[in-house]
There are 2 protein chains.
Amino acid sequence: MRELDAKDRDILGILSKEARIPLKTLAGRIGLSRSATSERVASLEKSGVIRGYRADIGQMDKGLICAFLLVTLIRTPSIGILDQLARYPEVRRVSSVSGQLDLIVEVEVPSIDRLNTLRDLIASHGGVEDLTTAIVLRRDIERAVD
Amino acid sequence: MRELDAKDRDILGILSKEARIPLKTLAGRIGLSRSATSERVASLEKSGVIRGYRADIGQMDKGLICAFLLVTLIRTPSIGILDQLARYPEVRRVSSVSGQLDLIVEVEVPSIDRLNTLRDLIASHGGVEDLTTAIVLRRDIERAVD
DNA sequence: CGGCGTAACCGACGCTTTGCCGGATGCCCG
DNA sequence: CGGGCATCCGGCAAAGCGTCGGTTACGCCG
């Protein structure tokens with residue numbers, strides 16, 4: 001299953017909001033039998049389209065500090081920096097972007113010290129021309145899905 | 001149930017990564033009986049600590065353009081801009097940050113035109129001093145939740 | 001000190017949901 | 001036309017779940 005049809009999209013749309021909905025209900029909503037729905041969901045899981053199921057926890061602070069690192073590279077793509085970033089578990093997301101910036105790195109660290117360490121490690125990479133740190137003070141808006 | 005004890009936090013930690021784990025397994029991991037675990041989970045759901053369950057969809061962004069809008073405000077906090085941002089469903093997340101920037105707005109739009117419209121609307125807000133757009137070309141790293 | 005009420009736990013029961021199977025249907029292509 | 005393949009359905013056994021009564025632990029107060 002590589003191509004997603006309309007029913008697969010329906011399944012994803014529903015499961016992305018109610019991951020624990022019974023298969024019977026899901027099947028009824030998309031207009032298929034339970035077993036067919038079950039097979040589709042299993043296929044979506046196995047092929048990696050559905051990566052997992054997560055409980056949405058309200059205001060679970062965890063005491064972690066979030067920050068954006070806005071990176072400008074000397075030349076793009078800079079070999080090796082992605083591999084280096086991938087080594088740090090604190091790195092949650094890395095996006096290649098157009099414009100003055102090249103990379104937006106989102107991190108979650110337990111302390112400002114750790115953030116500084118991470119920042120210095122990245123800044124000292126040969127390919128990094130400029131690096132701006134923006135610590136998240138507050139999440140003003142956060143929408144899960146849709 | 002207002003106060004969360006250690007076992008509640010264990011439950012949340014596990015469910016936030018594997019929301020569809022069977023109760024029996026969950027009970028075994030936290031060291032309680034299945035029924036006691038069931039009651040705790042139900043209580044966490046009813047009290048709103050668990051807001052829901054979501055499927056984690058990989059590369060669902062089919063056709064949607066993601067972008068970061070890096071906003072500098074004339075004075076912070078700028079009254080009204082958060083309300084205005086909240087009105088657009090394309091706005092996925094808004095973070096108040098420290099540093100030269102003030103706001104990082106993450107959006108998902110169906111087209112570049114729509115992105116431009118959104119950008120102009122935000123830029124024309126009285127409180128906005130500067131606005132940089134960074135369109136996401138590629139997600140190099142994306143980790144769900146630890 | 002002892003009795004009582006509440007809260008949380010356990011094990012068991014019955015219903016619901018799931019995973020899996022055989023068989024039917026539709027479609028492609030030689 | 002007729003296999004091969006993918007997808008669908010219905011049904012069955014197994015595993016899941018919510019709920020119940022009974023038990024234990026703990027704090028309160030006479």
Side-chain angles (χ1 to χ4, degrees), chain A residues 1-64 142-146, chain B residues 1-64 110 139 142-146:
Chain A
M1 155 127 18
R2 202 102 310 253
E3 212 61 29
L4 304 181
D5 64 11
K7 289 198 190 301
D8 287 319
R9 300 220 152 251
D10 287 346
I11 291 176
L12 294 177
I14 293 173
L15 285 184
S16 68
K17 290 170 210 136
E18 301 175 64
R20 289 187 112 176
I21 187 178
L23 268 182
K24 180 164 81 171
T25 312
L26 178 61
R29 279 199 217 169
I30 66 171
L32 279 182
S33 73
R34 285 155 231 112
S35 39
T37 308
S38 172
E39 284 166 21
R40 276 175 181 265
V41 172
S43 168
L44 289 168
E45 289 168 352
K46 199 173 59 172
S47 69
V49 178
I50 294 178
R51 286 193 287 195
Y53 302 94
R54 291 185 276 109
D56 183 10
I57 309 299
Q59 84 257 10
M60 187 162 88
D61 216 340
K62 295 185 294 191
L64 290 179
E142 177 130 36
R143 296 198 238 263
V145 209
D146 262 16
Chain B
M1 155 130 14
R2 202 98 307 251
E3 213 62 30
L4 303 182
D5 63 11
K7 289 196 190 303
D8 287 319
R9 252 167 283 136
D10 285 346
I11 291 176
L12 293 177
I14 293 173
L15 285 183
S16 68
K17 292 169 211 141
E18 301 175 67
R20 285 189 121 180
I21 186 179
L23 269 181
K24 183 164 77 174
T25 312
L26 178 61
R29 279 199 219 167
I30 66 171
L32 278 182
S33 74
R34 193 188 55 82
S35 46
T37 308
S38 171
E39 284 164 20
R40 276 176 181 266
V41 172
S43 170
L44 288 168
E45 289 169 351
K46 201 173 59 172
S47 69
V49 179
I50 294 178
R51 285 192 287 194
Y53 302 93
R54 307 257 163 68
D56 183 11
I57 309 298
Q59 82 252 23
M60 164 117 165
D61 25 41
K62 273 272 253 300
L64 287 182
R139 294 286 188 207
E142 176 130 36
R143 296 199 236 264
V145 190
D146 212 272

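What you see is a predicted model; the values in this text were computed from it and never measured. Below, read A as the first sequence line, B as the second, and so on, with proteins coming before strands; counting in each chain starts at 1.
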Show the distances under 3.5 angstrom between N or O atoms of the protein and N or O atoms of nucleotides 18-22 of chain C.
from	atom 1	to	atom 2	distance (Å)
C/dT18	OP1	A/L23	N	3.0
C/dT18	OP2	A/L23	N	2.9

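- Sorted by first and then second residue, the side-chain hydrogen bond (donor to acceptor under 3.5 Å, both in side chains) pairs involving residues 21-32 of chain B (not counting sequence neighbours) are B/E18-B/R29.
- In this structure, the side chains of A/D8 and A/V49 stay at 4.5 Å or more apart for every pair of heavy atoms.
- Regarding A/L26, its CG atom lies at a distance of 13 Å from the C1' atom of C/dT17, rounded to whole Å.
- A/A36 is linked by a side-chain contact (heavy atoms from CB on, under 4.5 Å) to A/L32, A/S33, counting only residues two or more places apart in sequence or in another chain.
- A salt bridge links A/R40 to A/D5: one of the charged nitrogens lies within less than 4.0 Å of a carboxylate oxygen.
- Here the P atom of nucleotide D/dT7 and the CG atom of A/L32 are 12 Å apart, to the nearest Å.
- The nearest whole Å value for the distance from the CG atom in A/L44 to the P atom in D/dT7 is 11 Å.
- Of all heavy-atom pairs between B/S38 and B/L23, the closest is CB-CD1, 3.6 Å.
- The local environment of CZ in A/R34 is sparse, with at most 12 non-hydrogen atoms from other residues, nucleotides or ligands closer than 6.0 Å.
- Of all nucleotides listed (D/dC8, D/dC9, C/dC9), D/dC9 comes nearest to the side chain of A/S33.
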